[in-house]
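Working notes for the structure below.
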Amino acid sequence: MVQFSRGTWALLAAATVIGAQAHAGEIKIFTDTSDPAPKAAFQALIADFEKANPDVKVTPTFFDHEGYKTAIRNFLTADAPDVANWYAGNRMAPFVKAGQFADVSDVWEKNGLKSTLKSALPSMTIDGKQWGIPYTYYQWGVYYNKDVFKKFGVDVPKTFDAFLADCAKFKAGGVDCTTTGTKAGWPAGGWFDYMDLRVNGYQFHMDLTAGKVAWTDPRVKAVFAEWAKLVKPGYVTANAAGIDWQDALPLLEQGKAATYLIGNFAVAPLKAGGMTDKTLGFFQFPAITAGLPMAEDAPTDTIHIPVGAKNKVDAKRFLAFVAQADTQTKLNVALGQLPVNNQSKVGDDPFLQAGFTMLSNAAGLAQFFDRDAPAEMAKSGMDGFQEFMAHPERVDTILAHLEDVRKRVYK
Amino acid sequence: MAATGEIRRSYWRRNQRALAPWLFIAPGAFMFVIYVVIPIFRSVTISFYKWDGMGPKVWIGLSNYAELWGDPAFVVSLKNNFIWLLLYLLAVPAGLFMAIFLNQTVRGIRVYKSLFFFPFVISQVVVGLMFSWFYAPGFGLFYKLTQMLSGTGIAILADERFATYGIIAAGLWPQIAYCMILYLTGLNNVSPDQIEAARLDGAKGWKMLWYVIIPQLRPATFIAAVVTVIGALRSFDLVSIMTQGGPYGSTRVLSYYMYETALSEYGYRMGYGAAIAVVLFLIMMLFISGFIWKMYRDETER
């Protein structure tokens, strides 16, 4: 009896030790959510997770947004955290193919995520498996200065032709019809995405970014012909190639520009710059080819478990926690973005509501030019779009070059 | 035991003079081999592969180099590197004239000297930011100035024709200060009796400068040229801060293009990046071996 009980105690003790080891109790998270609002949102998320799982301690490391994109390749191979931020679609493919992201299909299966995170399932799936958890996305669209629209007696345009007609009025009044800052390349990528999605539609755009269509194809040329109608008359802010996207925001705030095609992340700095729901408006990018179903850009942010993670058990618990409807509701209210989980509630911000309605009815969701196209194609493409916006007459040279790049990249 | 100790000690005694320099060099040489020599050979090796930095390496021989010649971005970078080299060398005469200008005894001259040297003390990143604001379309001082003079403002960094020159101008600002300080120290060592003698012989102005002062400044000129050439070839930080290679890739230089292809967000072509690095290395070697040969010749002549 004594012997037995002693053995039981030993077993129990061993069990607790093993238990403690299995839940070693610490997960390291590397994230690029270092801007004030996202950082606060993530810190709140981590605090909630620790409250729900008192046996796990989370240590986050916040990276600079741009630096993170370079750092991730080093830390995945050298000193992997347990959880890392990244992006869906083709941006995650190199890490999946190199065997750096762990398969988390079991997290999807166990928590029924294939139904709750359905909209992001295609962009998280490679080779039939899921490689991460999407937690937020946001819409792109046209943000406009309501006061300027009122002053020129202009209504929200439904078609691109109507938009161009409005542009002529703004131009005559000395206001930039639309502003942007393409120094970093991707704002020009956003323009191309929308021109192509509206001229040729979702499937064509996906085929083009997947390298299945030539850049010298007449359908691509048609996109640039439409785009030139906006660029050639000088409806876009001059010298956009020398301006960062943030530096173009004051033009919209001060009424020197009427519209800005950008992601919803611009709302926070615009409001900090003095705009309110009364002066700042949002509309869906107008139709170009009549009757074409409208697809949208909606870049999705994700979290992943590196293959080199030391504590995959707790990391998976964290992923499952982030996938929950209530977590995503709270996280996205703080981020000012849209939850991916379809059981979550959208914040009552008018821009989020508008974006949610728009994306729910979208004919398709593109990730974004630099996430849908492979890195090298994306870089050359965005350089080309930037050049086109400064020199629309060079369109043939630009497209010929992009076709050369396509032939090499997708080989 | 004692005997071997004796032998060892006597071996040390016998060869002490020959061994000591090697022992002193050893730590430095060790670091140099690990951080410079081995990476150079590794880069050359990687340039023969197609490699994304994580997956398996694929041997492709000279394909990366073959691709370089047909790559318009590489040609632009190479061209820009030579523009940098040529214009950056302006820092040497400009520094010389500034040094001569400041080499006088006026009340508070030390303050002026420090003020002129100031740009070199500021980090290149700050210099880049300041010049980007200076050129910024819409609110930049330079933009406003051109707007006032010609009616339409010129956004230097958004215009492919001017952007590279705009960056070089920013780079020259601290580089001139650096050359100036080199010449100021050189001017301290110019022998006063030679100047006196030249003056007695009636040398003045340009003649005095060209035939008497400049020859004596040769060591300073040499160092100024070396640091300027190397500075021009490794120009990276200003390009990265001011334009990120844009507009549409027109301000790329080799070092930035290498970074972009191999390490940046849209890169990960380690082999191709390494090939660019090797080309840059060869260009640098051309200059560096020239300098070393000159230094060697000067030393053996003595």
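Interatomic distance, CZ of A:Arg73 versus CG of B:Asp52, reported as 5.5 Å (0.5 Å rounding). Taken from CD in A:Gln386 to CD in B:Glu160, the straight-line distance is 10.5 Å, to the nearest 0.5 Å. Interatomic distance, B:Glu260 CD to A:Glu376 CD, rounded to the nearest 0.5 Å: 10.5 Å. Rounded to the nearest 0.5 Å, atoms OG (B:Ser132) and CG (A:Asp244) are 9.0 Å apart. In this structure, B:Leu157 CG and A:Asn239 CG are separated by 10.0 Å, a value rounded to the nearest 0.5 Å.
For B:Thr243, the part lying near chain A is the backbone, with the side chain staying farther off; criterion is any non-hydrogen pair under 4.5 Å. Looking at A:Gln100, the atoms closer than 4.5 Å to chain B (heavy atoms on both sides) all sit in the side chain, from C-beta outward. Interface residue A:Met382: only side-chain heavy atoms are found under 4.5 Å from chain B. Neither the backbone nor the side chain of B:Tyr272 comes within contact range of chain A; no heavy atom of the residue lies under 4.5 Å from a heavy atom of that chain. At a 4.5 Å heavy-atom cutoff, the contact between B:Pro72 and chain A is made by side-chain atoms alone. For A:Tyr68, no part lies under 4.5 angstrom from a heavy atom of chain B.
With a 4.5 Å cut-off on side-chain heavy atoms, B:Tyr248 and A:Met389 do not count as touching. Between A:Arg408 and B:Asp71 there is no side-chain heavy-atom pair separated by less than 4.5 Å.
Contact annotation for residues 274-284 of chain B against chain A (heavy-atom separation below 4.5 Å): no residues qualify.
Atom CZ of B:Phe139 sits in a crowded spot, with more than 12 heavy atoms from other residues, nucleotides or ligands closer than 6.0 Å. By the neighbour-count criterion of 12 heavy atoms within 6.0 Å, atom CZ of B:Arg42 is sparsely surrounded, having that number or fewer from other residues, nucleotides or ligands. No more than 12 heavy atoms of other residues, nucleotides or ligands lie within 6.0 Å of NZ in A:Lys256, so this atom counts as exposed by the packing criterion. In the displayed structure, A:Tyr410 atom OH is contacted under 6.0 Å by more than 12 heavy atoms of other residues, nucleotides or ligands. Other residues, nucleotides and ligands contribute more than 12 heavy atoms inside 6.0 Å of the CZ atom of B:Phe134. Within a 6.0 Å sphere centred on CH2 of B:Trp69, other residues, nucleotides and ligands contribute 12 heavy atoms or fewer.
Considering every non-hydrogen atom in both B:Ala158 and A:Gly242, the closest pair reads CB-N, 3.4 Å. Residues A:Thr70 and B:Leu263 approach most closely at CG2-O, 3.0 Å, considering heavy atoms. The two residues B:Arg252 and A:Asp383 come nearest to each other via the heavy atoms NH2-OD2, 2.7 Å.
A:Lys379 places no side-chain N or O within 3.5 Å of a backbone atom of B:Thr261 that could act as its donor or acceptor partner.
Among A:Lys69, A:Met377, A:His401, A:Lys97, the residue making the largest number of heavy-atom pairs under 4.5 Å with chain B is A:Lys69.
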